[in-house]
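To start, the structure itself, in structure tokens.
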Amino acid sequence: MSIPFLDMKSPYLELKKELDEAYARVMSSGWYILGKEVESFEEKFAYYCGVKYCVGVGNGLEALHLALRGYDIGAGDEVIVPANTYIATWLAITYCGATVVPVEPDWGSYNIDPDRLREALTPKTRAIMPVHLYGMPADMNGIMEIAEEHGLKVIEDSAQAHGARYKGQRTGSLGHAAGFSFYPGKNLGALGDGGAVTTNDPDLADRVRALRNYGSERKYYNRYKGFNSRLDELQAAFLRVKLDKLDEWNQRRRRVADLYFEGLTDCEELILPLVPENVEPIWHLFVIRHRDRNALQKKLAQAGIGTLIHYPIPPHLSEAYREMGRKKGAFPISEELAETVLSLPMGPHLTKDQVADIIEQIRA
Ligand SMILES: *Cc1c(COP(=O)(O)O)cnc(C)c1O
């Protein structure tokens with residue numbers, strides 16, 4: 001038996017005809033950067049998320065970075081962010097010259113805890129970047145309430161949550177702006193790098209549109225010192241095809257999650273994900289916890305089952321953020337999560353039999 005953690009080939013094979021057509025269309029168009037494909041995808045994805053604007057950019061990290069820049073966040077400003085996230089969320093803040101202020105998650109959802117968030121506010125706080133980790137929407141009502149009280153911007157890191165809903169509303173439409181990643185392994189993945197900013201704020205959309213293209217609104221007239229971070233036509237054409245499948249594929253992931261819940265709920269040594277009320281996750285990852293995680297991972301590997309750890313080192317303990325001076329013990333919840341989490345295979349192409357085999361091996 002061999003079940004990889006992530007199956008990257010089946011998504012292409014299922015959509016081969018449409019993707020190959022999109023490829024041929026762009027190849028023969030003679031236009032490869034910022035054209036009709038990008039415009040059309042932006043319109044389509046904005047509509048999907050339930051927002052007015054979408055701006056395609058080079059990747060997810062750049063989406064977060066340009067959204068912060070669009071709100072003029074920089075040196076001297078503090079941005080509150082989860083202590084347990086992928087390092088990209090932190091890097092976006094660091095790119096702007098602003099200060100990262102990490103906050104611990106709550107034990108149930110693994111998402112940022114609004115009560116702890118409140119304690120981290122200072123007069124320098126300018127923005128909050130909640131992450132919908134593993135595809136589970138964060139407690140946005142609690143977060144927006146604090147933001148409104150204190151005049152803060154909220155930029156959702158939606159890189160793992162394409163199509164997830166909070167109180168019926170899609171992620172990407174819940175804060176002032178959001179950053180998405182279309183890295184191939186995400187629920188909506190390109191066949192290369194890609195990202196987008198979504199927002200209802202017309203000024204922010206204009207700023208990000210300029211910032212992604214050297215800071216120019218009109219060719220050779222540069223309003224800002226911008227960047228080069230553009231979604232290309234080929235990736236946009238692929239994303240248009242894949243967006244049509246997103247809801248169906250998310251639904252198929254939901255079925256896999258249901259099977260995991262059914263097969264594993266009575267395993268007392270495991271902690272399964274908790275789905276808060278009023279939330280529809282899209283199961284980017286299915287993350288369980290076990291006291292002896294490393295041994296479990298090894299046993300599963302011996303049985304041919306691929307798993308990963310998201311993430312083994314919290315950003316404050318990584319080499320990159322050593323200058324922060326936060327030692328082990330600074331964020332105990334995030335540190336314990338890093339030692340106990342295990343991501344099981346998850347995706348729209350996992351078969352019922354494969355999931356049954358995984359469950360059987362875990363139980364054994
Ligand atoms: C993937 C990811 C990013 C970064 O996206 P890239 O497209 O790889 O730059 C940011 N935040 C989170 C939570 C992610 O999972």
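Start at 1 and go down the list; that is how both ligands and their atoms are numbered. All of these numbers come straight from a predicted model, not from anything done at the bench. Residue numbers start at 1 and run along the sequence shown.
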* Going by atom types only, do D20 and Y12 share a side-chain donor-acceptor pair under 3.5 Å? -> yes

* ring-ring contact (aromatic ring centres under 6.0 Å, His included) against Y47, all qualifying residues, sequence neighbours excluded -> none

* Asked: Does R240 reach the main-chain N or O of F41 with its side chain, forming a donor-acceptor pair under 3.5 Å?
  -> no

* To do: Please determine if D206 and R209 form a salt bridge, counting it only when a charged side-chain N lies under 4.0 Å from a carboxylate O.
  => yes

* **Pairing of D247 and R170 as salt bridge, 4.0 angstrom limit** => yes

* So does E43 have more than 12 non-hydrogen atoms from other groups sitting under 6.0 Å from CD? -> no

Name each N or O atom in ligand 1 that is under 3.5 Å from a protein N or O, and give the partner atom and the distance.
{"residue": "ligand 1", "atom": "5 (O)", "partner": "S181", "partner atom": "OG", "Å": "3.2"}
{"residue": "ligand 1", "atom": "7 (O)", "partner": "G60", "partner atom": "N", "Å": "2.8"}
{"residue": "ligand 1", "atom": "7 (O)", "partner": "S181", "partner atom": "OG", "Å": "2.6"}
{"residue": "ligand 1", "atom": "9 (O)", "partner": "G60", "partner atom": "N", "Å": "3.3"}
{"residue": "ligand 1", "atom": "9 (O)", "partner": "L61", "partner atom": "N", "Å": "2.9"}
{"residue": "ligand 1", "atom": "11 (N)", "partner": "D157", "partner atom": "OD1", "Å": "3.3"}
{"residue": "ligand 1", "atom": "11 (N)", "partner": "D157", "partner atom": "OD2", "Å": "2.8"}
{"residue": "ligand 1", "atom": "15 (O)", "partner": "Q160", "partner atom": "NE2", "Å": "2.8"}
{"residue": "ligand 1", "atom": "15 (O)", "partner": "K186", "partner atom": "NZ", "Å": "2.7"}

